[in-house]
Amino acid sequence: MNTQYRQQILSTVAAIPRGFVSSYGDIARLAGLPNQARLVGYVLKTLPEESRIPWHRVINAQGKISFPCDSLSYHRQRLALEEEGLIVKNNKVQWLKKRWAAQ
DNA sequence: GCCGTGACTTTCA
DNA sequence: GTGAAAGCCACGG
């Protein structure tokens, strides 16, 4: 599956600076794929560990982590965000001051 | 080739 | 601020 989208999405996610986060919709839009936020999630889901993509810096538009609280991925993402200075309170990420958008 | 599903978004109550 | 419903698109069965 070629999916030229995949490389575009990965490039966009990889461009997120450390300590900043973005949403699936923004990633899709910046990658030139509006209305395809779900595809971003799908790509990240099928993402191998070797890709070295900061997928933990991508959250949903509500500022929440798109995983169940009991999920392992949820904890990994939360820890990674807190490791970069992001604050997670009540399943919500304080990204309003740290949201990233490519110019 | 139809159908259900998903790491989503936006709008409305 | 919270929750439900409709909309969107690609993938696998």
Side-chain angles (χ1 to χ4, degrees):
Chain A
M1 52 192 77
N2 159 27
T3 60
Q4 199 173 9
Y5 318 135
R6 194 170 67 85
Q7 192 58 39
Q8 288 284 68
I9 294 171
L10 295 182
S11 301
T12 306
V13 176
I16 301 176
R18 188 179 185 280
F20 284 77
V21 292
S22 185
S23 68
Y24 296 92
D26 289 338
I27 295 299
R29 182 173 55 82
L30 295 173
L33 305 167
N35 304 358
Q36 285 188 322
R38 308 197 74 145
L39 187 57
V40 176
Y42 183 83
V43 172
L44 294 181
K45 183 178 66 174
T46 62
L47 192 62
E49 294 288 342
E50 303 81 22
S51 52
R52 297 181 179 178
I53 298 295
W55 58 268
H56 52 271
R57 294 173 189 162
V58 183
I59 58 181
N60 60 19
Q62 298 182 343
K64 298 180 182 178
I65 297 175
S66 303
F67 287 106
C69 299
D70 56 356
S71 175
L72 176 62
S73 299
Y74 172 86
H75 286 287
R76 288 210 304 172
Q77 184 170 14
R78 176 168 176 166
L79 289 176
L81 290 175
E82 292 181 349
E83 189 72 16
E84 297 186 358
L86 273 298
I87 302 172
V88 181
K89 291 288 186 180
N90 296 332
N91 202 12
K92 297 173 187 173
V93 183
Q94 303 290 67
W95 73 314
L96 297 179
K97 298 179 182 177
K98 290 292 185 179
R99 59 182 175 184
W100 174 82
Q103 289 73 13

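Reminder, nothing fancy here: chain letters follow the sequence lines and each chain counts from 1. Keep in mind that what you see is a predicted model, and the values were worked out from it rather than measured.
As judged by a 4.0 angstrom heavy-atom cut-off over every strand, A/Leu39 is placed among residues touching the sugar-phosphate backbone only. Within the 4.0 angstrom heavy-atom criterion, only backbone atoms of the sugar-phosphate kind lie near A/Ser23; the bases stay farther away. Residue-level contact check: A/Lys64 touches neither bases nor backbone, having no heavy atom under 4.0 Å from any strand.
A/Arg38 places its CZ atom 8 Å from the P atom of B/dA7, with the value rounded to the nearest Å. Computed from coordinates, the A/Arg57 CZ to B/dA7 C1' distance equals 17 Å when rounded to whole Å. Residue A/Asn60 contributes atom CG, which lies 12 Å from atom P of B/dA7 at whole-angstrom precision. Between the P atom of B/dA7 and the CG atom of A/Leu44 lies a distance of 11 Å, rounded to the nearest Å. What separates CD of A/Gln7 from C1' of C/dA10 is a distance of 18 Å, to the nearest Å. Note: CG (A/Leu81) to P (B/dA7) measures 18 Å, nearest angstrom. C/dA10 atom C1' lies 14 Å from atom CG of A/Asn35, rounded to whole Å. If you measure from atom NE2 of A/His75 to atom C1' of B/dA7, you get 16 Å, rounded to the nearest angstrom.
Put simply, the side chain of A/Gln77 never gets that close to the backbone of A/Ser66: no donor and acceptor are under 3.5 Å apart.
Residues A/Gln77 and A/Gln62 both approach DNA chain B. Their nearest nucleotides, taken by heavy-atom distance, put A/Gln77 toward the 5′ side.
Side-chain proximity of A/Lys92 to the nucleotides B/dA7, B/dT10, C/dT2 is greatest for C/dT2. Nearest to the side-chain atoms of A/Ser66 among the listed nucleotides C/dT2, B/dT9, B/dC8 stands B/dC8. Nearest to the side chain of A/Lys45, among B/dT9, B/dA7, C/dA10, sits B/dA7.
No hydrogens or angles were tested; on distance alone, nothing pairs the side chain of A/Tyr42 with the base of C/dA10 as donor and acceptor under 3.5 Å.
Within 6.0 Å of CD1 in A/Ile87 there are 12 or fewer heavy atoms belonging to other residues, nucleotides or ligands. The environment of A/Glu83 atom CD is sparse: at most 12 non-hydrogen atoms of other residues, nucleotides or ligands sit within 6.0 angstrom.
Residue A/Val88 is grouped with residue A/Leu96 when hydrophobic side chains (ILVMFWY) are merged at heavy-atom distances under 4.5 angstrom, including chains of intermediate members.
Using a cutoff of 4.0 Å between basic side-chain nitrogens and carboxylate oxygens, A/Glu49 and A/Arg76 are scored as salt-bridged.
Look at A/Gln36 and you won't find any side-chain N or O under 4.0 angstrom from OP1 or OP2 of B/dC8.
When side chains are defined from C-beta on, A/Lys98 counts as touching A/Leu86, because their heavy atoms get closer than 4.5 Å. A/Leu47 has its side chain within reach of A/Leu10: a pair of non-hydrogen atoms, C-beta onward, lies under 4.5 Å apart.
With the 3.5 Å cutoff on both pairing distances, Watson-Crick and G-U pairs in DNA chain B assemble into runs of at least 3 at B:2-6 with C:9-13, B:8-13 with C:2-7.
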